[in-house]
Amino acid sequence: MPPQDLFAGASAPFGAGAAPAADPPSPLLQHLNPEQLAAVTLPAGHALILAGAGSGKTRVLTTRIAWLLQTGQASPGGILAVTFTNKAAKEMVARLSAMLPINVRGMWIGTFHGLCNRLLRAHHKLVGLPSTFQILDTQDQLSAVKRLCKQHGVDEERFPPKQLTWFIAGCKEEGMRPQDVPVRDPETQKKVEVYQLYEQQCQREGVVDFAELMLRSYELLRDNDAVRAHYQRRFSHILVDEFQDTNRLQYAWLKQLAGDVEEGGRLAPRGSVIAVGDDDQSIYAFRGARVGNMQDFMREFGVQRTIKLEENYRSFSNILDCANALISHNQGRLGKNLRTQQGPGEPVRVQESPTDLAEAQWMVEEIKHLVREDVPRREIAVLYRSNAQSRVIESQLFNAGVPYRVYGGLRFFERAEIKHALAYLRLLENPHDDTSFLRVVNFPPRGIGARTLEQLQDAARGAGCSLHDAVSTMTGRAGANLSAFVALIDVLREGTQGQNLRGIIGQMLQASGLVEHYRNDKEGADRLENLDELVNAAESFVTQEGFGRDAVALPLDEQGAPLTQSPASQGLDPNLPLAAPGEMIDQDTGETLSPLAAFLTHAALEAGDNQAQAGQDAVQLMTVHASKGLEFDCVFIGGLEEGLFPHENAMSDAAGLEEERRLMYVAITRARKRLYISHSQTRLLHGQTRYNVRSRFFDELPEEALKWLTPRNAGFGLFAPDPIAAHRGNARAGRGFDMKSASFANPPVPPRKAAPGHGLRVGLTVFHTKFGEGKVLAIEGAGDDARAQIHFPRHGTKWLALGVAKLTVVE
DNA sequence: TAGTACTCGATTTTT
DNA sequence: TCGAGTACTA
């Protein structure tokens with residue numbers, strides 16, 4: 001794409017070391033605030049940038065890179081910028097190429113996993129992988145573990161495959177191979193055995209899972225001095241986005257790349273690592289993120305400079321006041337206070353509803369109101385803690401005819417038909433990929449049953465070979481069917497030699513019988529469409545990613561050794577253009593990946609968008625987690641109830657509670673202009689009505705920034721209802737989206753059914769003969785089955801059967 | 001081998 | 001409640 005000339009005059013030849021210093025001020029640096037400017041122009045050396053929400057973090061990151069290049073402090077090849085998501089990486093590349101007339105392809109900008117993939121492709125021999133190794137996604141990994149359990153008679157009751165995959169991923173993220181795992185009990189012993197078997201299986205099949213990408217490339221750097229030295233020398237500037245989300249392994253990986261290099265017999269500090277992050281937005285502890293990496297980074301890298309970006313360009317101050325006040329309740333923060341030059345704006349609106357249904361109705365009414373005031377629907381977001389909450393809201397939006405889009409769910413490359421197609425393609429590349437083999441050997445059905453496959457797997461295990469190779473040992477009808485399948489794959493492989501990607505996929509779709517199968521399926525129309533879309537995706541992968549363009553086969557060492565001490569003489573000069581993302585080059589042979597292999601890698605590393613209708617102007621529904629990094633004019637946060645937000649599973653310890661608070665902090669800071677926070681007295685969850693107390697987070701917000709739309713703590717009889725909200729018996733109901741009317745006019749504390757006869761209410765203080773005084777947190781069930789969750793200061797929180805427990809109401 | 005009945009689980013998720 | 005995944009039957 002032609003670079004946009006946003007910074008006319010800024011363009012000198014880059015990388016040649018001739019660009020003047022930033023004095024006269026470069027246009028790049030205009031419009032930066034002092035903090036941002038300081039961050040962008042940091043002198044070489046390690047630094048931490050604490051970037052608050054909406055403080056222009058991405059801008060700082062990209063401008064920093066542009067500035068480094070423009071002033072000749074770095075060449076494109078010397079830059080390594082790493083992110084967590086493909087989206088973030090893409091945005092960085094897009095902004096950079098808009099800033100500078102430069103080929104950004106020479107830079108290593110990508111996700112941790114994407115960059116690891118590059119490293120492993122380049123040095124696959126050193127790490128013992130075939131050049132065509134493929135990547136298992138989470139689904140593949142699970143089915144691989146299941147298969148392994150079946151084969152080795154692992155008791156799936158005691159060791160659920162899902163847990164085993166967590167265990168394996170957890171070990172890898174801690175940098176542990178099976179032999180490194182401390183075994184204290186037989187349980188762990190067994191898990192480690194499975195881990196070991198799983199590793200062997202992956203190795204045999206030539207596949208790696210996500211965690212393996214990280215671990216294997218970490219080991220590559222750790223164990224190969226020449227390789228490590230090369231990359232350390234090459235990447236003079238390392239920039240890490242969302243540093244608070246890094247796990248142990250990612251941090252160790254960074255250390256390998258940034259580590260000090262011996263020069264003239266002494267350790268010399270090298271290059272610079274800029275870590276950008278926000279400890280207050282760390283919400284991924286559950287998947288291994290370690291905020292502590294920020295402190296470790298400062299200590300271990302001897303960070304001299306920490307810059308805080310606290311000026312927020314997103315929200316009005318009422319919203320920021322809420323965010324600041326809330327997060328101040330967390331301990332051990334690095335400390336940061338968002339400020340804005342915008343005025344207070346509107347107060348943050350707070351709503352209490354009797355039921356989740358009423359909450360959803362209220363939201364929809366407000367949304368319709370906003371839309372009438374010309375707020376684009378895509379600028380309205382409804383955030384919630386857990387996915388289950390979206391249902392009521394969806395049904396109400398549907399009834400009201402308001403277009404909406406739900407984030408999450410199946411992504412394009414995760415769809416069953418796409419996975420099937422990819423499995424065929426993978427078998428073309430690597431017939432020993434047993435996971436793919438099993439996926440499609442009998443899909444579409446070709447008379448190969450479970451029994452047959454069991455026999456085949458036994459045979460393969462006995463011979464220590466892949467399923468593909470074991471087919472020849474099978475006899476009879478089953479053997480014939482299997483042979484036919486193998487022949488199909490082999491013929492397809494032959495027949496697609498020399499074809500382009502589009503041709504290969506098209507031929508595969510026909511020959512495999514997938515098209516035929518879905519054409520005969522009355523539900524198959526969508527799936528056929530998706531398969532068509534797969535061809536398009538491949539096409540645009542080839543053109544947009546520029547696959548096959550400027551692929552540079554690098555000169556080699558005479559021995560074919562991967563790297564030497566002298567990068568420049570080996571064609572590894574950082575100024576040379578390097579392979580584009582799809583063109584990972586084998587450092588031994590100079591070979592690039594085949595288009596098909598590259599596309600398969602792309603599919604595994606980037607699962608694609610979820611769902612279609614992305615273009616429509618629709619209200620955005622998503623979990624708080626999914627909202628990170630986004631912003632909207634108007635934001636609704638629903639379900640602020642104890643047990644839901646903060647979630648009950650996270651309430652038991654301080655760390656969990658603090659993460660919930662950070663989650664709320666993230667949610668609040670998504671809003672630019674208007675923020676609504678709401679909770680409901682009751683909520684239908686898993687078919688049961690739960691009675692919840694208002695979230696403690698309400699008490700942590702500054703009263704003066706809030707506007708209570710419903711009287712605080714009021715009984716609902718007092719509440720003058722919005723007549724529209726109360727009486728919308730929607731004519732378009734039906735299709736299961738009925739309004740089970742929960743009118744505001746009635747005192748609906750127990751909204752459905754009669755009041756339970758125990759006389760308890762959430763919030764009441766009760767007395768128990770054994771536990772003493774306690775506060776009612778929640779009530780569930782009715783009649784004899786009614787239970788109450790009660791917090792006793794001295795005995796903790798307990799669930800008591802109201803039919804049994806002797807309780808008296810104190811207040 | 002496909003279709004149906006039953007069990008189980010149920011925050012958050014990118015790569 | 002509801003959905004996915006598994007086990008059982010025709």
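Just so we're on the same page: letters track the sequence lines, and every chain starts at 1. Please read all numbers here as calculations on a predicted model, not as lab measurements.
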Taking 4.0 Å as the cut-off, does a side-chain nitrogen or oxygen of A:Asn387 come that near to OP1 or OP2 on B:dT13? yes
Rounded distance in Å - CD (A:Glu659) to P (B:dT13): 12 Å
With respect to the phosphate group of B:dT13, does any side-chain polar atom (N or O) of A:Thr138 fall under 4.0 Å of OP1 or OP2? no
For A:Arg287 and B:dT15, is the shortest distance between a side-chain N/O and OP1 or OP2 below 4.0 Å? no
Answer yes or no: are there more than 12 heavy-atom neighbours, outside A:Arg477 itself, under 6.0 Å from its atom CZ? no
Tell me whether the guanidinium CZ or amine NZ of A:Arg121 lies under 6.0 angstrom from the six-membered ring centre of A:Phe133 and within 45° of its axis. yes
Measure from OH on A:Tyr284 to C1' on B:dT13 and round the result to the nearest Å. 6 Å
Under 3.5 Å, which protein N or O atoms sit close to an N or O of nucleotides 3-10 of chain C? Give each pair with its distance.
from  : atom 1 : to       : atom 2 : distance (Å)
C:dG3 : OP1    : A:Arg391 : NH2    : 2.8

Counting heavy atoms from C-beta on, name the nucleotide in B:dA2, B:dT12, B:dT11 closest to the side chain of A:Ala650. B:dT11
Using a 4.0 Å heavy-atom cut-off, does A:Asn247 contact any base of the nucleic acid, only the sugar-phosphate backbone, or nothing at all? nothing
Per A:Arg385 side chain, nearest of listed nucleotides B:dT15, B:dT11, B:dT13: B:dT11
Listed by chain and number, what are the side-chain contact (heavy atoms from CB on, under 4.5 Å) partners of A:Thr111, not counting sequence neighbours? A:Thr83, A:Asn86, A:His113
Run the side-chain contact (heavy atoms from CB on, under 4.5 Å) test against A:Leu142 and tell me which residues pass, sequence neighbours left out. A:Lys146, A:Pro161, A:Lys162, A:Thr165
